[in-house]
Amino acid sequence: MKKIFTVSILLVLWCYGCSKKQNTGLVTNKAMVVSARIEASQIGSDIMKKGGNAFDAMVATELSLAVAYPFAGNLGGGGFMVYRLENGVAGSLDFREKAPMAATKNMYVDSLGNVIPNLSTLGAKAIGVPGTIAGLLEAHEKYGKLPLREVIQPVINLAVKGVVVTKKQANTLKNYKDIIVQTSGDSTYFAKEIKEGDTLKYPKLAATLKIIQQQGKDGFYKGKVAKSLVNLIQKHGGLITKEDLAAYQAKWRKPITFNYKNLHIISMAPPSSGGITLEEIMKMIAPYPIEKYGHNSTKTIQVITEAERRAYADRNYFLGDPDFVHIPTDTLTNDEYLKKRMHNFSFEKATPSTAVSHGNIQIVESNETTHFSIVDQYGNAISVTTTLNGAYGCKLYSDDLGFFLNNEMDDFSSKPGVPNMFGLTGAEANSIAPQKRMLSSMTPTIVEKDGKLAMVVGTPGGSTIITSVLQTILNVYDFNMGMQQAVDAARFHHQWLPDEVMFEPNGFSKNTLDTLKSKGYYINENNSPIIGKVDAILRLDNQKLEAGADKRGDDAAAGF
Ligand code: GLY
């Protein structure tokens, strides 16, 4: 009997070892970058190998993504960075785009009060004042080690040498070619046919980067580059002026921090909705033993879905730019409030979203953001999510400067109650005002365990960002997965409205979905072939770093 017992235990341990071994990401000793493209991860890693730190690598990685991944990597967009220094001090930087000074609350609404289709998503009127360069240079100035010249040079070299188009990239470019031509004209760089294996060189972008390398922030927000940008935007009917560019400032913000079981989570504060919504969801989930229910079991999906439903109802109603609206953060994240919020949840039956107010309003956001995670050899960690909003932003490409411009104005609620491109319904708190930042779902996040750095995580995915970050953290800490396994696992998403649970196709058993249907959940497996593209780093028990580079994209890790 004893022998059988021992053999069984060994068998279980062996099988567990096998499943852990499957899907292990790159493991390195000291430093790592995980991003949407190997070129960007490698350049970021090389910068650290030369003695640079995570903040130097941030500049190099983000700018390399603008070269290698113009789908979302950008100079013409904005984003957020959450950091944790080697001494444990945490903070965050907001370089989200802003509404131009000439923006008005009803700029996307016609005389009858109806939202004008495409005006906030396509073309120059959709552009928010870009924040990426201000953010990168602000972070570099405060925490960088290497001179800007050294950090930007490899990116200039990459732009000159060019980048080979991957299969996924060729497919996306094919899908978006007509709309890019329609918006930017038929003679820009992206108007031509681009095939897998082609090498795309960016001499104009290299020249723009050289100006930034020499002149810093002013090289983008003033002078020649600013003039060219304003001319292009105004020629296409946009509102951004040289005063808008000159006035842009990135902003250091206190991150959202909270505990979940034995973890300490550090995430992004408003104007990102990420941190607060993640906190609400995790605190609503915490009382339920999901680790016993099992990964992606019916009960686990129910608990997570119902917490998401309630948190997104709050998100859509209360959140906006904290420089313009009061956000009741303490109330929304209060333990008692969140306990009460789950009072009407039952395992027997789905709660209809109509029974979970706030209001009849919807918000819309885009999927095509990008995220990268970095840990350096000194122990600093940064989590950076940046975006053009839609794929190739508003599809307006500056041939003169070599980059696309964002369509971030669509992340405002153009009209309270009308859903945005992510189907999110927004409220007054996120209405348009001059110089205001639009609400975001970007959730760059860092996890601490026992007071030490444990994970760096984030993803693109519009409204699904928050729930993808959530599931990745739960996969590791509640369901005992390694980093790559946690990233690979099938994901689902609920956002209050529309009242449906989105599932990645073929990732969930028919039995589970049928049981959920029988309990009143609306199942949608058609809308989203992929939910999120998570790029994350896990500090292992032996202090090494394991990458989770999402197989859903061309994402890759590099390090040493
Ligand atoms: N545009 C996507 C986001 O900010 O969440």
Side-chain angles (χ1 to χ4, degrees), residues 36 62 65 69 71-74 76-82 92-99 108 120-122 126-132 135 250-251 253 256 267-278 308 311-312 315-316 319-322 362-372 383-395 404-414 419-426 429-430 432 436-445 457-470 493 495-496 528 530-535:
E62 170 62 24
L65 286 170
Y69 191 58
F71 179 76
N74 66 82
F80 301 114
M81 183 261 291
V82 170
S92 67
L93 182 64
D94 166 4
F95 48 100
R96 181 73 163 159
E97 299 93 326
K98 291 178 109 171
Y108 300 117
S120 65
T121 53
L122 266 188
I127 305 170
V129 182
T132 294
K251 207 160 176 178
R253 294 197 190 268
I256 297 291
S267 193
M268 193 64 213
S272 170
S273 61
I276 291 179
T277 312
L278 188 65
E308 288 173 353
Y312 272 80
R315 175 218 185 268
N316 296 4
L319 304 190
D321 182 345
Q362 282 201 331
I363 302 177
V364 185
E365 268 176 78
S366 188
N367 278 323
E368 293 89 358
T369 298
T370 189
H371 174 85
F372 55 94
S383 185
V384 184
T385 314
T386 77
T387 187
L388 287 168
N389 198 24
Y392 311 103
C394 72
K395 322 306 185 243
F404 280 100
L405 288 150
N406 70 80
N407 59 352
E408 219 68 58
M409 290 296 285
D410 188 60
D411 273 353
F412 280 115
S413 23
S414 294
N420 73 357
M421 68 198 234
F422 291 104
L424 283 170
T425 309
N430 188 33
I432 304 171
K436 191 176 174 183
R437 287 175 157 104
M438 53 297 281
L439 190 63
S440 168
S441 295
M442 292 188 284
T443 315
T445 298
V457 58
T459 179
S463 51
T464 68
I465 289 176
I466 305 164
T467 56
S468 298
V469 167
L470 166 81
H493 169 79
Q495 60 180 42
W496 177 53
S528 249
I530 62 166
I531 297 179
K533 276 190 225 160
V534 177
D535 284 337

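Whatever order the structure lists ligands and atoms in, that order sets their numbers, starting from 1.
Counting heavy atoms closer than 4.0 Å to ligand 1, residue Arg96 contributes side-chain atoms (C-beta onward) but none from N, CA, C or O. Residue Glu408 touches ligand 1 through its side chain alone, judged by heavy-atom distances below 4.0 Å.
Close approach of ligand 1 to Ser441 is summarised as follows: ligand atoms under 4.0 Å from at least one heavy atom of the residue are 3 (C), 4 (O), 5 (O). Close approach to Thr387 involves these atoms of ligand 1, each under 4.0 Å from a residue heavy atom: 1 (N). The Met442 neighbourhood of ligand 1 comprises atoms 3 (C), 4 (O), 5 (O), with distances under 4.0 Å to a heavy atom of that residue. Near Thr369, with a cut-off below 4.0 Å to any heavy atom, the atoms of ligand 1 are 2 (C).
No side-chain donor from either of Arg315 and Thr277 sits under 3.5 Å from a side-chain acceptor of the other. Asn74 and Thr386 form a side-chain donor-acceptor contact under 3.5 Å, judged by distance and modelled atom types alone. Glu308 and Thr467 are not linked by any side-chain donor-acceptor pair at a separation below 3.5 angstrom, with hydrogens and angles left out of the test.
With sequence neighbours left out, the side chain to side chain donor-acceptor pair (under 3.5 Å) criterion links Glu408 to Arg96. Evaluation of the salt bridge (charged side-chain N to carboxylate O under 4.0 Å, His left out) rule for Lys436 yields no partner, not counting sequence neighbours.
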